[in-house]
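Here the structure is a predicted model, which means the values were calculated and not measured.
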Amino acid sequence: MNKFLDNFKILLFFILFFLIHQNIVIAQDIPDNTLIATVNGNEITYKEIVPCKEHIEYMKFNYKKIHNQAITEEELKKYLEDTEKHSLANKIRNIVKNQAIKTLGIIVTQEEIENKIEDMIKLIENAGISEKQAFKEVQEKSFLMIKALKIWQKNQDKSTDIYKRLLFPRNISLDEWQIWRINYSTPEKLQELQKFIPKTIEDMRKNSYKSAKKDLLWEKTRNFFGKNIVATDKEINEYHKKKYKCQLGKIDLTERQSNESKQEYK
């Protein structure tokens with residue numbers, strides 16, 4: 001166990017060092033299959049971290065909406081560098097996380113997962129939505145998005161018309177449409193999406209089961225490494241301010257905000 005923890009610390013140092021010096025590779029015109037990193041036998045290629053065309057277009061669209069002007073070439077280059085570094089960090093983190101869960105023998109029980117799902121259902125019901133209504137909403141929205149995406153993939157220049165005709169009448173925002181286009185930009189990705197659309201309420205619960213199990217495993221792993229870390233109120237406030245880009249001043253964090261920030265700070 002101690003050997004694993006030592007290796008884990010070394011790997012974290014490697015991640016930081018690698019990202020700091022990655023500018024020589026990131027955001028360059030290089031082939032998609034270029035090997036960027038190998039982490040414990042897992043290879044990461046450039047195509048796994050480079051933003052897709054739809055992602056870049058969405059960023060440009062969002063920037064113009066916020067700043068009322070087009071993004072400059074210099075700002076775009078910096079954004080691409082930051083995005084690729086962030087994607088690379090996430091890839092490395094997921095590899096390390098999954099290996100840590102396996103090596104440490106961290107497990108979650110059936111009861112823990114079911115309790116997590118019940119908590120999720122209660123949140124929905126507290127918002128005045130029944131499980132049956134949530135299922136209906138998920139199905140209708142997913143099928144409508146798939147229909148719109150199929151049309152768009154064959155006529156990408158008709159994106160605005162497709163949105164106005166199919167999605168706007170159903171109160172789906174333009175931002176949502178942009179994000180779905182980024183995530184499901186090819187027929188292959190669309191086929192994968194269709195596999196995960198629940199056909200019954202029980203299917204929806206099964207999907208929730210997988211999500212709850214994944215969340216609980218990571219929560220236990222994070223708590224294992226962060227159990228001896230103590231964050232001061234000042235550090236928590238600074239972290240919260242930086243993350244949400246808001247001025248907290250002398251306003252005290254609520255207990256929930258404090259707990260969430262403590263977990264993320266670790």
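- The hydrophobic clustering, which links ILVMFWY residues whose side-chain heavy atoms are closer than 4.5 Å, places Leu149 and Leu144 together.
- Looking at every heavy atom in both residues, Asn33 comes nearest to Thr45 through O-CG2, 4.0 Å.
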Inset, instruction - Could you please spell out the steps behind the side-chain contact (heavy atoms from CB on, under 4.5 Å) verdict for Lys64 and Ile71? - result: CA-CA 7 Å; Lys64 190 171 184 178; Ile71 190 170; over 6 Å; no
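- Gln153 places no side-chain N or O within donor-acceptor distance of the main-chain N or O of Lys150, the cut-off being under 3.5 Å.
- The shortest non-hydrogen separation linking Ile182 to Lys189 is O-NZ, 4.4 Å.
- Between Lys97 atom NZ and Lys214 atom NZ the span is 5.5 Å, to the nearest 0.5 Å.
- Interatomic distance, Tyr184 OH to Gln191 CD, rounded to the nearest 0.5 Å: 13.5 Å.
- We find the CD1-CD1 distance between Ile121 and Ile129 to be 13.0 Å, quoted to the nearest 0.5 Å.
- The CD1 atom of Ile49 sits 11.0 Å away from the CG atom of Leu80 when rounded to the nearest 0.5 Å.
- Scanning both residues, Met204 and Phe135, for their nearest heavy atoms gives SD-CA, 3.7 Å.
- Within 6.0 Å of NZ on Lys220 lie more than 12 heavy atoms contributed by other residues, nucleotides or ligands.
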Inset, instruction - Decide yes or no on side-chain contact (heavy atoms from CB on, under 4.5 Å) for Glu81 and Lys77, but give the supporting numbers first. - result: CA-CA 6 Å; Glu81 289 178 353; Lys77 181 180 178 182; 3.5 Å; yes
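- Side chain of Asn40 to main chain of Ile95: no donor-acceptor pair is present (N/O by atom type, distance under 3.5 Å, no hydrogens or angles).
- The shortest non-hydrogen separation linking Ile124 to Ala134 is CG2-CB, 4.4 Å.
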Legend entry - Evaluation steps, side-chain contact (heavy atoms from CB on, under 4.5 Å), between Leu76 and Lys60: CA-CA 8 Å; Leu76 178 60; Lys60 290 179 178 178; 3.9 Å; yes
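- Criterion: ILVMFWY side-chain heavy atoms under 4.5 Å apart, direct or through other members. Under it, Phe143 and Leu190 are part of a common hydrophobic cluster.
- Using a 4.5 Å heavy-atom threshold, the side chains of Lys65 and Asp175 count as touching.
- With hydrogens and angles disregarded, no donor-acceptor distance shorter than 3.5 Å links the side chain of Glu125 to the backbone of Glu131.
- Judged by distance alone, with hydrogens and angles left aside, the side-chain atoms of Tyr163 form a donor-acceptor pair with the main-chain N or O of Ile172 at under 3.5 Å.
- Residues Trp180 and Val138 fall into different hydrophobic clusters, defined by Ile, Leu, Val, Met, Phe, Trp and Tyr side chains chained together at heavy-atom separations under 4.5 Å.
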Legend entry - CA sep, side-chain torsions, deciding dist, call: Arg181, Ile162, side-chain contact (heavy atoms from CB on, under 4.5 Å): CA-CA 12 Å; Arg181 284 167 50 206; Ile162 295 167; over 6 Å; no
Inset, instruction - Begin with the C-alpha distance, continue with both residues' side-chain angles, and end with the deciding distance and a verdict on salt bridge (charged side-chain N to carboxylate O under 4.0 Å, His left out) for Arg205 and Glu118. - result: CA-CA 10 Å; Arg205 277 185 167 250; Glu118 287 302 321; 3.7 Å; yes
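- Around CZ of Phe61, the count of heavy atoms belonging to other residues, nucleotides or ligands within 6.0 Å exceeds 12.
- Neither Phe225 nor Ile107 shares a network with the other; the hydrophobic side chains, linked directly or stepwise wherever heavy atoms of I, L, V, M, F, W or Y lie under 4.5 Å apart, form separate groups for each.
- Counting heavy-atom neighbours within 6.0 Å of Asp119 CG, excluding the residue itself, gives a total above 12.
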Inset, instruction - Would you sort out whether Glu192 and Lys195 count as a salt bridge (charged side-chain N to carboxylate O under 4.0 Å, His left out), showing the intermediate values? - result: CA-CA 5 Å; Glu192 287 300 312; Lys195 293 178 184 178; 3.1 Å; yes
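- Side chain of Asp161 to main chain of Lys158: no donor-acceptor pair is present (N/O by atom type, distance under 3.5 Å, no hydrogens or angles).
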Legend entry - Verdict with supporting geometry, Arg170 and Glu140, salt bridge (charged side-chain N to carboxylate O under 4.0 Å, His left out): CA-CA 10 Å; Arg170 294 297 303 275; Glu140 289 181 353; 3.2 Å; yes
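- With Thr34 contributing its side chain and Pro31 its backbone, the two residues share a donor-acceptor pair below 3.5 Å.
- Rounded to the nearest 0.5 angstrom, Ile44 CD1 and Ile36 CD1 are separated by 9.0 Å.
- The hydrophobic cluster containing Tyr209 also contains Val108, counting ILVMFWY residues as joined when their side-chain heavy atoms lie under 4.5 angstrom apart, directly or transitively.
- For Lys147, the NZ atom counts as loosely surrounded, since its 6.0 Å shell holds 12 or fewer non-hydrogen atoms of other residues, nucleotides or ligands.
- In this structure, a donor-acceptor pair under 3.5 Å is absent between the side chains of Ser87 and Glu84.
- Between Trp177 and Trp152, the two ring planes are perpendicular [angle over 60°; tilted spans 30° to 60°].
- Minimum heavy-atom separation, Tyr63 to Gln69: CD2-O, 3.4 Å.
- Screening Glu111, Lys213, Glu219 against Lys116 for a side-chain contact (heavy atoms from CB on, under 4.5 Å) leaves a single residue, Glu219.
- Side-chain atoms of Asn62 do not come within 3.5 Å of backbone N or O of Tyr58 as any donor-acceptor pair.
- With hydrogens and angles left out, the side-chain atoms of Asn90 and His86 include a donor and acceptor closer than 3.5 Å.
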Legend entry - Test salt bridge (charged side-chain N to carboxylate O under 4.0 Å, His left out) applied to Lys141 and Glu176, step by step: CA-CA 11 Å; Lys141 184 174 181 178; Glu176 283 184 275; 2.3 Å; yes
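- Shown here is Asp32, whose CG atom has more than 12 heavy atoms of other residues, nucleotides or ligands within 6.0 Å.
- Annotation for Glu112 and Thr109: closest pair OE1-N, 2.8 Å, computed over non-hydrogen atoms.
- To the nearest 0.5 Å, the span separating CD1 on Ile92 from OG1 on Thr38 amounts to 10.0 Å.
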